[in-house]
2 protein chains.
Amino acid sequence: MNDREKALIEAKANVLKALGHPTRLWMAEQLAGGEKCVCELAENIDADFSTISKHLSLLKQAGVVIDEKRGKQVYYRLKVPCILNFMPCIEAVLQATAQTHIDLMEHKRVAGQIDVL
Amino acid sequence: MNDREKALIEAKANVLKALGHPTRLWMAEQLAGGEKCVCELAENIDADFSTISKHLSLLKQAGVVIDEKRGKQVYYRLKVPCILNFMPCIEAVLQATAQTHIDLMEHKRVAGQIDVL
DNA sequence: TTTACATTTGGTTGTTTTACCAAATAAGCA
DNA sequence: TGCTTATTTGGTAAAACAACCAAATGTAAA
């Protein structure tokens with residue numbers, strides 16, 4: 001792997017990492033419905049304003065959102081809306097995992113191993 | 001946001017976080033081409049075997065991959081192949097960011113501000 | 001049944017992330 | 001102008017992460 005490839009994969013990982021936090025992912029999902037100001041987002045997040053601001057700034061620096069100040073408020077919106085197209089697939093991962101757990105449990109029952117635990 | 005929604009968003013963020021590391025993202029991309037054993041992946045990664053193993057185990061715990069031991073080797077594969085479908089969109093984010101930088105620089109030139117920096 | 005190989009686990013350390021508080025900044029309004 | 005509201009920035013402590021080394025495990029082959 002050469003330097004260019006390495007830089008590319010790092011950049012991509014960085015975008016995914018930005019979305020890899022519950023608060024930030026939630027924010028991105030909210031913004032999929034259109035731009036919101038910080039205060040609107042904050043209404044539904046139980047965290048300090050400064051924390052919220054830092055999450056937004058991280059999303060911005062990762063290139064996921066852009067901000068625009070209008071009057072007293074700052075509005076954020078998704079820079080590239082496709083960013084949430086893959087949620088169905090992420091959910092499929094979760095479902096596959098859940099199914100694995102169910103299968104495991106059912107095997108246990110079949111084998112009668114629950115009783116001995 | 002209720003508990004169930006909270007748990008769901010945390011689970012989804014966890015999958016994204018798992019992919020949000022260059023080594024792990026690279027591994028996932030490799031596995032998109034079919035299963036590989038640890039040693040095959042390791043060939044192209046400059047890190048301790050134990051580090052590699054831990055990255056794989058994190059991907060597994062996030063539900064992104066599954067492993068199977070065959071003989072002396074352990075083979076990993078993507079559990080839900082769609083997981084990489086969104087790379088084009090991630091790349092679009094990077095490109096949008098790059099474009100912003102280019103625009104910024106061009107404005108600077110137009111305004112002749114480079115000289116005064 | 002030793003020996004060698006492939007991989008994982010446990011422990012440690014340095015780095016990064018996250019959250020909070022307090023203080024700074026920026027804009028509109030009295 | 002001075003006040004209030006909206007948001008960001010700086011500092012700090014606690015938690016999580018990533019990498020390494022050494023040691024353990026499981027499997028195959030000698």
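Each chain gets a letter, A, B and so on, in the order the sequences are listed, and its residues count up from 1.
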Chemist: Quick one: label B/K17 by what it contacts on the DNA or RNA (base, sugar-phosphate, nothing), any heavy atom closer than 4.0 Å.
Modeler: sugar-phosphate
Chemist: First and last nucleotide of DNA chain D touching chain A, 5' to 3', heavy-atom cut-off 4.0 Å?
Modeler: D/dT5 to D/dG11
Chemist: Using a cut-off of 4.0 Å between protein heavy atoms and nucleotide atoms, how would you tag nucleotides 24-30 of chain C 5' to 3' with B, S and -?
Modeler: --SSS--
Chemist: How would you list, by chain and number, every residue that makes a side-chain hydrogen bond (donor to acceptor under 3.5 Å, both in side chains) with B/E68, sequence neighbours excluded?
Modeler: B/R77
Chemist: With B/K17 as reference, evaluate B/V15, B/L19, B/N14 under the side chain to side chain contact (heavy atoms under 4.5 Å, CB included) test and give the passing residue.
Modeler: B/N14
Chemist: Looking at residues at least two apart in the chain, or sitting in another chain, which of them share a side chain to side chain contact (heavy atoms under 4.5 Å, CB included) with A/D3?
Modeler: none
Chemist: CG/A/L25 to CD/B/E10 distance, rounded to the nearest 0.5 angstrom?
Modeler: 11.0 Å
Chemist: Using a cut-off of strictly less than 4.0 Å between a heavy atom of the residue and any atom of DNA chain C, enumerate the qualifying residues of residues 20-43 of chain B by number.
Modeler: B/C37, B/V38, B/C39
Chemist: Please round to the nearest 0.5 Å and tell me the distance separating atom CG of B/L78 and atom CD of B/E29.
Modeler: 10.0 Å
Chemist: Taking all atoms of both residues into account, what is the closest heavy-atom pair of A/E5 and A/N2, and its distance?
Modeler: N-OD1, 2.7 Å
Chemist: Scan the side chains in residues 31-47 of chain B for donor-acceptor partners under 3.5 Å anywhere in the protein, sequence neighbours excluded, and list what turns up.
Modeler:
{"residue": "B/E35", "atom": "OE2", "partner": "B/R70", "partner atom": "NH2", "Å": "2.5"}
{"residue": "B/E40", "atom": "OE1", "partner": "B/C37", "partner atom": "N", "Å": "2.8"}

Chemist: Base, sugar-phosphate, or nothing: which does A/Y75 touch, judged by heavy atoms less than 4.0 Å apart?
Modeler: nothing
Chemist: Let me know, please, whether A/D46 or B/V74 comes out on the 5' side of the other along DNA chain C by nearest nucleotide.
Modeler: B/V74
Chemist: Give me the residues of residues 47-55 of chain A where at least one heavy atom lies under 4.0 Å from an atom of DNA chain D, by number, or none.
Modeler: A/F49, A/S50, A/S53, A/K54
Chemist: Can you pull out every disulfide (SG to SG under 2.5 Å) where at least one residue sits in residues 46-79 of chain B? Sequence neighbours excluded, please.
Modeler: none
Chemist: Applying side-chain hydrogen bond (donor to acceptor under 3.5 Å, both in side chains), can you list everything that pairs with A/T51, at least two apart in sequence or on another chain?
Modeler: none
Chemist: Let me know the distance between CG of A/L59 and P of C/dT18, rounded to the nearest Å.
Modeler: 11 Å
Chemist: Under the ring-ring contact (aromatic ring centres under 6.0 Å, His included) rule, what pairs show up with a residue in residues 23-53 of chain B, not counting sequence neighbours?
Modeler: none
Chemist: Got a list of side-chain donor-acceptor pairs under 3.5 Å for residues 84-97 of chain B, not counting sequence neighbours?
Modeler:
{"residue": "B/E91", "atom": "OE2", "partner": "A/K12", "partner atom": "NZ", "Å": "3.3"}
{"residue": "B/T97", "atom": "OG1", "partner": "B/V93", "partner atom": "O", "Å": "3.0"}

Chemist: Using residues 54-67 of chain A as the side-chain source, report each donor-acceptor pair under 3.5 Å to any protein atom, sequence neighbours left out, with the distance given to one decimal.
Modeler:
{"residue": "A/H55", "atom": "ND1", "partner": "A/R24", "partner atom": "NH1", "Å": "3.0"}
{"residue": "A/K60", "atom": "NZ", "partner": "A/D67", "partner atom": "OD1", "Å": "3.3"}
{"residue": "A/K60", "atom": "NZ", "partner": "A/D67", "partner atom": "OD2", "Å": "3.0"}

